[in-house]
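Just follow the structure's listing: the first ligand is 1, and inside any ligand the first atom is 1. Fair warning: this is a prediction, and the values are worked out from it, not measured in the lab.
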Amino acid sequence: MMRLAERLQRLGTENAFEVLAEVNKLMAQGRHIVSFAIGEPDFNTPENIKEAAVAALRRNETHYGPSAGLPVLRQAIAAEVSRTRGIPVSPDEVVVVPGGKPVIFHGLLALADPGDEVLYPNPGFPIYESVIRFVGATPVPIPLREEREFSLDPDEVARLITPRTKLIILNSPHNPTGGVIPPGDLAAVAELARAHDLWVLSDEIYSRILFEGEFHSIASLPGMKERTVILDGFSKTYAMTGWRLGYGVMPAELATWVARLETNCESCTCTFTQLAGVEALTGEQSGPAAMVEEFRARRDLIVDGLNSIRGVKCLKPHGAFYVFPNVTEACRNLGLPNAKALQEKLLYEGNVAVLPRSAFGQRNRDESEEYVRLSYATSRENIIEGLKRIKAILEA
Ligand code: PLP
């Protein structure tokens, strides 16, 4: 037995990577798989952003930078967040980190102690629950239900709050459902956070991938900026997942601590990547806008296609690039016990990769329906072919 630290027992992972590994294995064996499993834009990073990185490299911008991020990027992010959230944000409230994920890790390290309770969306991005447990805090799932278009119920959030609650994690637009929290419900959660003196970690990584209405951040509401950490970044908006560039916006005092975690962990985020980030925020914006329009067309295509398959019921999500169809009846028709079994059947017999609900946390206590997640960050041709394969399996 290797003598490892006990805390590793509390560290979770993203089960999506297991399905992705299986897909890659099957493809290496020569199978053609249509994959709806990947959570990243299939577009390439816009040229102007790549050129900015190349130019920075040529200027030898390859040295250490400040742990909180280069001043020029913190300034650009502060301006962007001030504009899009309608609140004054100064550069000392911004910490640049390698991707959106470190905001979750560093944010929870900085805010949650053992014994604290942290509310998080379920189904949800699996890293929330993993890191909550890892820092020794207690995860308390907020059930997201289909009847509320996978948004939270503020009354239920109120019932989950105890004297030990420290932080609420929100994610809108939401992975894995594409759900968006309506402004009235955000206001109700803000009221609870103020009344119970709670922090909010607002994961807004999909804020620009929105198909209807304006984006609303809880940080914009009165008395909320001082208790909110906004997570945002470049991965999804600018198709920059591999660059590793994201940021947190938070009260300046907390920002100095998160920057100190950064000093202890990474020293700083890659310098020339940050300079590309400045170009992303301040340069030509037609790339991201075109991407959102394409996602909208694909959303309509995949939702209509799924709803025409026997046993599948799919809502039309308002944001992100995921659909989360209800496949309860499909499982029943095929005599399958759950969505995991359906995911396996689709992969091994249908050559289509989706993710089961279980990749996004354990079923809530009163949850009896079955769901899978499909990412439509793939071409329309793939979507059409994938839908054909799903239909063939489900209507056989
Ligand atoms: N938050 C959510 C809800 C996500 O879906 C993801 C990525 O899939 C992230 C955060 C992490 O983004 P990044 O790749 O920038 O670390």
Side-chain angles (χ1 to χ4, degrees), residues 12-20 35-43 45 49 69 73 77 94-108 118 120-132 141-142 144 150-152 168-181 200-210 215 217-218 229-249 258 262 265-266 269-270 273-274 276-277 280-281 288 295 317-324 355 357 359-361 373-378:
T13 187
E14 273 190 76
N15 290 335
F17 287 119
E18 285 168 21
V19 176
L20 295 178
S35 181
F36 294 114
I38 280 190
E40 66 171 340
D42 54 319
F43 305 101
T45 307
I49 300 174
L73 180 57
I77 292 166
V94 175
V95 185
V96 179
V97 284
K101 264 183 183 167
V103 180
I104 302 171
F105 201 82
H106 294 163
L108 282 163
V118 179
Y120 70 101
N122 183 33
F125 188 47
I127 298 309
Y128 306 139
E129 185 187 344
S130 166
V131 181
I132 295 166
I142 306 172
L144 303 185
F150 300 111
S151 180
L152 48 74
I168 304 180
I169 300 178
L170 303 178
N171 174 214
S172 175
H174 179 246
N175 177 11
T177 67
V180 171
I181 305 176
V200 174
L201 171 58
S202 182
D203 185 340
E204 303 179 2
I205 196 96
Y206 297 102
S207 58
R208 292 274 292 273
I209 306 177
L210 191 66
F215 175 70
S217 170
I218 196 165
V229 176
I230 297 175
L231 178 163
D232 205 341
F234 298 76
S235 300
K236 318 283 175 175
T237 305
Y238 298 99
M240 291 175 71
T241 47
W243 293 68
R244 308 315 300 142
L245 188 62
Y247 54 86
V249 176
V258 171
E262 192 62 16
C265 189
E266 287 114 358
T269 302
C270 170
T273 295
Q274 292 189 63
L281 290 179
F295 280 140
H318 302 297
F321 39 67
Y322 308 109
V323 285
F324 202 63
L355 293 178
R357 191 278 181 239
F360 304 96
R373 187 195 82 172
L374 288 81
S375 158
Y376 50 88
T378 186

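Qualifying ring-ring contact (aromatic ring centres under 6.0 Å, His included) partners for Phe324, counting only residues two or more places apart in sequence or in other chains: Phe150, Tyr371. Scanning for salt bridge (Lys or Arg N to Asp or Glu O under 4.0 Å) contacts around Asp232 gives Arg85, with sequence neighbours left out.
Of the N and O atoms on the side chains of Glu204 and Ser217, at least one donor lies less than 3.5 Å from an acceptor on the other residue. For the residue pair Asp203 and Tyr128, a side-chain donor N or O sits within less than 3.5 Å of a side-chain acceptor on the partner.
For the pair Tyr206 and ligand 1, a heavy-atom separation below 4.0 Å is found. Residue contacts with ligand 1 include Ile205, since one or more of its heavy atoms lies under 4.0 Å from the ligand. Contact between Glu40 and ligand 1 is absent, with no heavy atom of the residue lying under 4.0 Å from the ligand.
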*Under the salt bridge (charged side-chain N to carboxylate O under 4.0 Å, His left out) rule, what do Arg244 and Glu266 come out as? Steps first, then yes or no, please.*
CA-CA 12 Å; Arg244 308 315 300 142; Glu266 287 114 358; over 6 Å; no
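For ligand 1, the atoms closer than 4.0 angstrom to any heavy atom of Gly99 are 15 (O), 16 (O). Within ligand 1, the atoms closer than 4.0 Å to a non-hydrogen atom of Asn171 are 3 (C), numbered from 1 in the order shown. For ligand 1, the atoms lying closer than 4.0 Å to a non-hydrogen atom of Ser235 are 13 (P), 14 (O), 15 (O). With ligand atoms numbered from 1 in the order given, ligand 1 contributes 13 (P), 15 (O), 16 (O) to contacts under 4.0 Å with heavy atoms of Gly100. In summary, the atoms of ligand 1 found under 4.0 Å from a heavy atom of Arg244, numbered by their order in the structure, are 13 (P), 14 (O), 15 (O), 16 (O).
Between Tyr376 and Phe295, the two ring planes are perpendicular [angle over 60°; tilted spans 30° to 60°].
Taking each of Lys101, Lys236, Met240 in turn, the one with a heavy atom nearest to atom 7 (C) of ligand 1 proves to be Lys236. Comparing heavy-atom distances from atom 2 (C) of ligand 1 across Asp232, Asn175, Leu231, Asp203 singles out Asp203 as nearest. The closest non-hydrogen atom to atom 6 (C) of ligand 1, taken over Phe105, Phe125, Tyr128, comes from Phe125.
When atom types are taken as modelled, the side chain of Glu129 and the backbone of Gly361 share no donor-acceptor pair closer than 3.5 angstrom.
Under the 6.0 Å cut-off for aromatic ring centres, Tyr322 and Tyr206 qualify, their centroids lying closer than that.
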